[in-house]
Amino acid sequence: MTRVLVLNSGSSSLRYRLFDGSEVLAKGLIQRIGEDGGDAADHREALQRLMDTVDLTGLAVVGHRVVHGGDRFTASTVINDEVVATIEELVPLAPLHNPAALTGIDVARKLLPDVPQVAVFDTAFHSTIPPEGVLWAIDRDLASRWGLRRYGFHGTSHAYVSRETARLLGKPVTETNVITLHLGNGASATAVRGGRSVATSMGMTPLSGLVMGTRSGDIDPSLVFHLHRVAGLSLDEIEDTLTRRSGLLGLAGDNDMRTVQERRAAGDQQAALTLDVYYRRLREYVGAYLAVLGRVDAITFTAGIGENSPPVRAGTLTGLEALGIAVDPDRNARNELIISPDGTPITVCVVPTEEELEIADEARRAIGSES
Ligand code: AMP
């Protein structure tokens, strides 16, 4: 039995995909759960609707996407009461995300009691980052008491595309070093050495690192004190502005990369400056991770922006020939799998991410039934 149902539960949505091996048998999104005129009154009704419309015969396992595994989960884990309790303990680290996953897990265990359920964590792939890459230089008692450290996110995506990159290069994963750039609404960069994450740009939460659609990425933490003491914003207002009104939206007034690109093409100076900031941040991380890895085989772009935006890829990597990095304009314009010229020391790749497939494979591996 190789059928896997992947569930990605949001606070008011349930995204699902049913796999047989790597083949997608069904997929969908039940949304506005609990809202007037929404698709379902609650997550239980949403899952019931899925079960009424999708044939789940022969289902081997359900894989749940869980955003935060803290330092308690370093791999995908078969769910039992204890696992649920531990994910609950991690809610303070991911107050927006983990409660929704717990709701999805709860209804799936009730409605599909005979099917094993597996939690697949966005953080787990980064559990191999060495201490010097996860610790901040703050009071260590405070840090250990409150779990203040880098965890990293988008792990299923970085894991999948770094493996696919090795396959593309025809090299064993264990001998391949890759910088993976997951550029979607959320965005993160990861340094992968021999298949293991050794550095990543997101931190304790998915707020730090690269410029994102509405998230600031890296800032001086003193901005928070200043906004509170001098500008008079409450902590909730500061969180709101840094997570929902910053990034592309904050700089350009638009959170969609396509629109920002179109505006720049039409001569909009604010859009141009926004993109310069976006590219500059990316280049800083690429440079840092070249130094962390020492030897890099490939730089791989993925997710909505990474897979589809030639200007972003060119804007990030132009002028780096002395570092062995180049982008071929025609290959780039065609979104080809390899966009660097033949013979450049570092291969630049575009690999579509498959987070749901990776979750399905992880779920199968966790119950010991490799497909
Ligand atoms: P994701 O979160 O991976 O779905 O990515 C969403 C982001 O991808 C949005 O900012 C979109 O504007 C961006 N995107 C999708 N298609 C393109 C494109 N052709 N060019 C630039 N950005 C794109």
Side-chain angles (χ1 to χ4, degrees), residues 6 8-11 13-17 24 27-29 31 65 67 96-97 100 122 125 152-162 164 180-190 200-202 205-217 243-266 268 270-279 281-282 300-318 327 329-337 339 348-359:
V6 172
N8 186 348
S9 307
S11 55
S13 66
L14 181 68
R15 197 179 292 275
Y16 64 89
R17 207 170 275 208
V24 180
K27 64 175 181 175
L29 170 66
Q31 47 189 347
R65 176 188 181 220
V67 167
L96 300 177
H97 292 108
D122 273 23
F125 181 60
F153 299 88
H154 293 142
T156 50
S157 179
H158 291 293
Y160 176 83
V161 301
S162 57
E164 284 298 298
T180 48
L181 303 173
H182 177 111
L183 311 178
N185 265 323
S188 62
T190 295
T200 197
S201 60
M202 282 176 164
T205 71
L207 184 55
S208 70
L210 304 174
V211 176
M212 310 185 211
T214 64
R215 283 173 249 165
S216 62
T243 56
R244 283 183 279 277
R245 295 170 205 280
S246 296
L248 296 178
L249 181 65
L251 282 172
D254 233 313
N255 68 345
D256 191 312
M257 179 55 88
R258 276 166 296 204
T259 320
V260 181
Q261 295 284 358
E262 284 160 15
R263 281 173 48 194
R264 184 181 61 176
D268 182 325
Q270 199 56 38
L273 180 60
T274 299
L275 293 170
D276 288 345
V277 174
Y278 188 96
Y279 301 159
R281 183 74 52 82
L282 266 165
T300 298
F301 289 88
T302 193
I305 297 170
E307 292 166 26
N308 297 300
S309 181
V312 168
R313 296 187 300 251
T316 304
L317 298 183
T318 40
V327 172
D330 295 328
R331 291 179 176 180
N332 190 31
R334 289 194 294 265
N335 295 321
E336 289 184 11
L337 284 170
I339 59 168
V348 182
C349 306
V350 179
V351 176
T353 193
E354 290 280 359
E355 291 176 274
E356 286 87 358
L357 178 60
E358 180 69 12
I359 293 171

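Along the sequence shown, residues carry numbers from 1. Just follow the structure's listing: the first ligand is 1, and inside any ligand the first atom is 1.
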What's the shortest heavy-atom distance between R281 and L210, and which atoms?
CG-CA, 3.8 Å

List of N/O pairs, ligand 1 versus protein, all under 3.5 Å?
from	atom 1	to	atom 2	distance (Å)
ligand 1	2 (O)	N185	N	2.8
ligand 1	3 (O)	G304	N	2.9
ligand 1	8 (O)	I305	N	3.4
ligand 1	10 (O)	M257	N	3.4
ligand 1	12 (O)	D256	OD1	2.3
ligand 1	12 (O)	M257	N	3.2
ligand 1	19 (N)	N308	O	3.4

T205 and F153 have their tightest heavy-atom pair at C-CE1, 3.2 Å

Keeping T200 on the side-chain end and A189 on the backbone end, is there a donor-acceptor pair under 3.5 Å?
yes

Can a donor-acceptor pair be found, under 3.5 Å and without considering hydrogens, that links the side chain of T353 to the backbone of H158?
no

Go through the steps to decide whether L251 and L273 satisfy the test side-chain contact (heavy atoms from CB on, under 4.5 Å), and finish with yes or no.
CA-CA 8 Å; L251 282 172; L273 180 60; over 6 Å; no

Between T214 and G247 (side chain of the first, backbone of the second, donor and acceptor by atom type, cut-off under 3.5 Å), is there such a pair?
no

